[in-house]
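Inspection log for the structure reproduced underneath, given as structure tokens.
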Number of protein chains: 2
Amino acid sequence: MAACEMKGFLSFLVLWLVSREKMSGAEIALELKKRKGSKPSPGTIYPVLKYLKDKGLVQIDSNKRYSLTKKGGKELDAHIKTFFETFCDLDEMKECCRK
Amino acid sequence: MAACEMKGFLSFLVLWLVSREKMSGAEIALELKKRKGSKPSPGTIYPVLKYLKDKGLVQIDSNKRYSLTKKGGKELDAHIKTFFETFCDLDEMKECCRK
DNA sequence: TTTCCAATATCGGATATACGATATATGCTG
DNA sequence: CAGCATATATCGTATATCCGATATTGGAAA
């Protein structure tokens with residue numbers, strides 16, 4: 001238990017990425033690889049996209065590119081707010097990182 | 001599945017809090033309540049502390065106050081690094097939050 | 001010392017999250 | 001069109017994460 005793998009932010013990250021520009025599933029996976037180092041498997045990324053779509057947070061166009069819906073925008077805003085409240089001392093954390 | 005509850009950063013946060021000052025389990029729980037809004041239950045916080053202690057990342061003094069070990073410091077540094085790489089555009093995110 | 005309350009600890013189980021394997025669709029190239 | 005590679009999708013499962021309920025401990029106050 002409690003292996004400190006820092007799971008749990010995939011949906012949040014996907015919402016964030018898609019809010020910035022339309023992206024396909026493959027593009028999202030690539031961007032996540034850039035950031036986290038490991039590329040999420042298809043079995044990881046597509047279920048998340050389906051979940052977000054079913055929940056009405058993202059929409060998919062004819063080219064299979066995902067973008068944020070209005071509802072998704074509100075949800076993302078709320079998540080970002082929580083995120084920055086939870087990590088309210090990011091500056092200090094970043095400072096610590098440079099040592 | 002994939003309910004976007006943003007779980008998974010509890011161990012990380014605990015390491016971070018404890019790295020700044022010695023804290024008891026109760027104090028840690030209180031600080032988490034301040035940040036996240038909800039107070040983690042005893043069944044949440046103490047197993048995490050035990051796990052971190054068993055793994056040699058934190059130590060506990062005679063007053064049951066936790067602090068970071070040397071090993072824990074290295075682990076925390078690595079996590080912080082990963083964290084900032086994953087969320088490499090925090091400025092933009094924060095900006096978005098203010099709108 | 002005894003009582004009481006809060007902090008600490010532990011256990012079982014519920015849910016979230018992610019992955020591997022596999023199947024299907026899509027589009028490109030010959 | 002046929003063949004192939006890649007993207008997409010789905011299913012079952014493994015693990016991480018967390019919580020509720022329930023002990024247990026430890027210290028303060030009567």
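Numbers restart at 1 for each chain; the letters A, B, ... are given by sequence-line order, proteins then strands. Basis for what follows: all heavy atoms, side chains included, without hydrogens, waters or symmetry-related copies.
- At the heavy-atom level, Y66(A) lies under 4.0 Å from the strands shown only through sugar-phosphate atoms.
- In this structure, K64(B) atom NZ and dG27(D) atom P are separated by 8 Å, rounded to whole Å.
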Taking only nitrogen or oxygen atoms into account, show me every contact under 3.5 Å that the protein makes with nucleotides 19-21 of chain D, one pair per line with its distance.
from, atom 1, to, atom 2, distance (Å)
dC19(D), OP2, T44(B), OG1, 2.4
dC19(D), O5', T44(B), OG1, 3.4
dC19(D), N4, G43(B), O, 2.9

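- Spacing between atom CD1 of I60(B) and atom P of dT25(D) amounts to 15 Å, rounded to whole angstrom units.
- Following rounding to the nearest Å, N63(B) (CG) and dT8(C) (P) show an atom-to-atom distance of 11 Å.
- One atom, OH of Y51(A), and another, P of dA18(C), lie 12 Å apart when rounded to the nearest Å.
- Formation of a donor-acceptor pair under 3.5 Å by the S24(A) side chain with backbone atoms of R65(A) is not found in this model.
- In this structure, Y46(B) atom OH and dT22(D) atom P are separated by 19 Å, rounded to whole Å.
- Of the listed nucleotides (dA16(C), dT10(D), dT26(C)), dA16(C) has the atom at the smallest distance from the side chain of K7(B).
- Between L49(B) atom CG and dC11(C) atom P there is a gap of 16 Å when expressed in whole angstrom units.
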Please determine whether salt bridge (charged side-chain N to carboxylate O under 4.0 Å, His left out) holds for the pair D77(B) and K81(B), giving the CA-CA distance in whole Å, both sets of side-chain angles, and the decisive distance to 0.1 Å. CA-CA 6 Å; D77(B) 283 350; K81(B) 192 156 175 288; over 6 Å; no
Could you give me the CA-CA distance, side-chain angles and deciding distance for I28(A) and L49(A), then say whether side-chain contact (heavy atoms from CB on, under 4.5 Å) is met? CA-CA 10 Å; I28(A) 293 170; L49(A) 286 169; 3.9 Å; yes
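- Closest of all the heavy-atom pairs between S11(B) and L52(B) is O-CD1, 4.3 Å.
- Atom CZ in F9(A) sits roughly 14 Å away from atom C1' in dA16(D) (whole-Å rounding).
- Aromatic ring centres of F87(B) and F87(A) lie farther apart than the 6.0 Å criterion allows.
- Within residues 16-34 of chain A, the residues having any heavy atom closer than 4.0 Å to DNA chain D are, in order of number, S24(A), G25(A), A26(A).
- Taking both residues in full, the closest heavy atoms of K71(B) and K55(B) are given as NZ-O, 3.1 Å, listed atom of the first, atom of the second, then distance.
- A donor-acceptor pair under 3.5 Å is formed between the side chain of T69(B) and the backbone N or O of G56(B).
- Across all non-hydrogen atoms, the minimal contact from W16(A) to D89(B) is NE1-OD2, 3.1 Å.
- The distance between atom CZ of R65(A) and atom P of dA7(D), rounded to the nearest whole Å, is 12 Å.
- Closest heavy-atom contact between I80(B) and C96(A): CD1-SG, 4.1 Å.
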